[in-house]
Number of protein chains: 2
Amino acid sequence: MTGSMAAQPLSLERLRTACSTCGLKELCLPVGLSGQEMDRLDDLIHVRRTAKKGQSIYRAGEPFDALYAVRSGFFKSSILSEDGRDQVTGFYMGGELLGMDGIGTEQHTCDAVALEDSEVCVIPFGRLEDLSRQVPALQSHFHKVMSREIVRDHGVMMLLGSMRAEERLAAFLVNLSQRFVARGYSPSEFYLRMTREEIGSYLGLKLETVSRVFSKFQDEGLISVQQKHVRIIDIPRLKHLVGHRPC
Amino acid sequence: MTGSMAAQPLSLERLRTACSTCGLKELCLPVGLSGQEMDRLDDLIHVRRTAKKGQSIYRAGEPFDALYAVRSGFFKSSILSEDGRDQVTGFYMGGELLGMDGIGTEQHTCDAVALEDSEVCVIPFGRLEDLSRQVPALQSHFHKVMSREIVRDHGVMMLLGSMRAEERLAAFLVNLSQRFVARGYSPSEFYLRMTREEIGSYLGLKLETVSRVFSKFQDEGLISVQQKHVRIIDIPRLKHLVGHRPC
DNA sequence: GCGCAAACTTGACCTGGATCAAACGCCGAC
DNA sequence: GTCGGCGTTTGATCCAGGTCAAGTTTGCGC
């Protein structure tokens, strides 16, 4: 039992970080948990961290001890090769989990950088493993989240390995659109949080090519772009571009 | 207690599939388990399956209910896009785990095809989850294996996204070499189980390019290739090629 | 052991995207 | 408001790797 002096600030903090009151609980770790199980998950997620635009949550080489759920904002993860090239390996938005790359070696293997002012929930990994031994629904869901990360990466490999520039960008836009919808935003109108260079790095293209393809899509009436503001005009046609080489 | 009639064949089968007597236990799921814990893992791995060259262990779309540990042989995993292109997403050898892509959706998302006559241990996933709730060392190791699969995929993304053809093939050979060493084979001399086309698909290159780069490496005295037989002559120089653009 | 198909090598040519270069527009600092 | 710098767009040129085409080697089925 905590003393009365501690009780007040603690409960406020708890309410502020509680999964049970979080708008993203349908997308995040608590998926499929009962109210009581969610309370137990709340017990380990006390801490939130904020990162201003450009700051990182963790960097490659740092010891791993927690996963991070994006509460608000937008992140990229990237690896820096020894000769200075860096490769963006993913973009992360609300409800998505960062840091699973660090479990295997107990060291983070990439950087997680905020692309706008952001907030994450800190999930101590040892305690998550403890709890998931006691709560099968949590264990099962956590395994699914990891597995989906693998499948997502396979999708990127397919994109990088066998698609042309236009297909890559179309696939990227369709993917973003779907993730925005799942979060209650417009599927057809959004702001890109990343630069052309970051998109290019993720898609294996140079920034000039990204820019050119954006312009081409605009000329063809598929989308309208103005800097970071994108409106998708013809989603079906954009989807059709993915996985269909031009004849 | 099992009757005496059943005891004999059962124990033979058990011995045949037992993790505790498997030469790959240092590389596979049992890593870090005590003898007693390994026995419990043995309890769930009764079944082995064989696949002749060209046959698959599972295919995309099939329901997922088990992971497969490669006992002997060699596999590729690949996804087929709707327009018929297929992308090799990985190669798997002894002690490596196949099928983690299926956990997230409870359906396999790629094909696992044997590249030579092979044998796998079938690990029923539900029972693995049950046991890993009881055996923290198993839980922890399984999480690490999944995490490493993610890190491996990030490596491939880096390769596909920002390396030139020569770097890609060098990285591929170095990686194979390291995995062969870990299994007690020669680091410098091995048979490729996959075709030039499969290597190309994995590396985002056409088979002609793979062939040309092999020839170039040979001309430069880095390796000697004759069809599927590869001997690496200068590992340090090959390693140096990876992550260093030509000046 | 023969024949055939699949896998591989090599050459000639072509092209998508990279590279280099220049100008433009947006946004934050003062 | 305006100045400066970063991010972006657009054009001109180049080249790594793709494409197409032949020829060669290998290994498997009969």
Query raised in the report: When you measure from the side chain of B:Lys206, which nucleotide among C:dA7, C:dA18, D:dG18 comes out closest?
Result: D:dG18
Query raised in the report: Which of parallel (below 30°), tilted (30 to 60°) and perpendicular (above 60°) describes B:Phe180 and B:Tyr185?
Result: perpendicular
Query raised in the report: Between C:dG17 atom C1' and A:Leu160 atom CG, what is the distance in whole Å?
Result: 14 Å
Query - N or O in side chain of A:Thr195 less than 4.0 angstrom from D:dG7 OP1/OP2 - result: no
Query - B:Glu220/B:Arg237 ion pair, N-O < 4.0 Å - result: no
Report task. Starting at atom CD of B:Gln226, determine the distance to atom C1' of D:dT25, rounded to an integer number of angstrom. Result -> 10 Å
Requested in this report: Report yes if a donor N or O on one partner sits less than 3.5 Å from an acceptor N or O on the other, where the partners are the side chain of B:Arg212 and the base of C:dG11; otherwise report no.
Outcome: yes
Query raised in the report: Would you say B:Ser211 reaches C:dT9's phosphate, i.e. side-chain N/O to OP1/OP2 under 4.0 Å?
Result: yes
Query raised in the report: Rounded to whole angstroms, how far apart are CG on A:Leu169 and P on D:dT8?
Result: 13 Å
Requested in this report: Starting at atom CG of B:Leu203, determine the distance to atom P of D:dG17, rounded to an integer number of angstrom.
Outcome: 12 Å
Requested in this report: Return no unless some side-chain N or O of A:Ser215 is found under 4.0 Å from OP1 or OP2 of D:dT10.
Outcome: yes
Query raised in the report: Ion pair present between B:Lys52 and B:Asp117, side-chain N to carboxylate O less than 4.0 angstrom?
Result: yes
Report task. Could you work out which one of D:dT9, D:dG7, C:dT9 sits closest to the side chain of A:Lys228? Result -> D:dG7
**Report entry** Closest to the A:Glu208 side chain, choosing from C:dC26, C:dC20, D:dG17
**Finding:** C:dC20
Query raised in the report: In whole Å, what is the span from the CD atom of B:Gln227 to the C1' atom of C:dT10?
Result: 13 Å
Requested in this report: Find which nucleotide of DNA chain D each of B:Lys53 and B:Gly204 is nearest to by heavy atoms, and output the residue with the more 5' nucleotide.
Outcome: B:Gly204
Report task. State, to 0.1 Å, how close A:Ser147 and B:Gly104 come at their nearest heavy-atom pair, and which atoms those are. Result -> OG-N, 2.8 Å
**Report entry** Atom pair distance, as rounded to whole Å: CD1 in B:Ile199 and C1' in D:dG17
**Finding:** 17 Å
Report task. Can you label the angle between the B:Phe64 ring and the B:His108 ring as parallel, tilted or perpendicular, going by 30° and 60°? Result -> perpendicular
Query raised in the report: How long is the line joining NZ of A:Lys216 and C1' of C:dG16, in whole Å?
Result: 11 Å
Report task. Take atom CZ of B:Arg196 and atom P of C:dT10, then tell me their distance rounded to the nearest Å. Result -> 10 Å
Report summary line: Side-chain atoms of A:Leu205 come closest, of C:dA21, C:dA18, D:dG7, to C:dA18
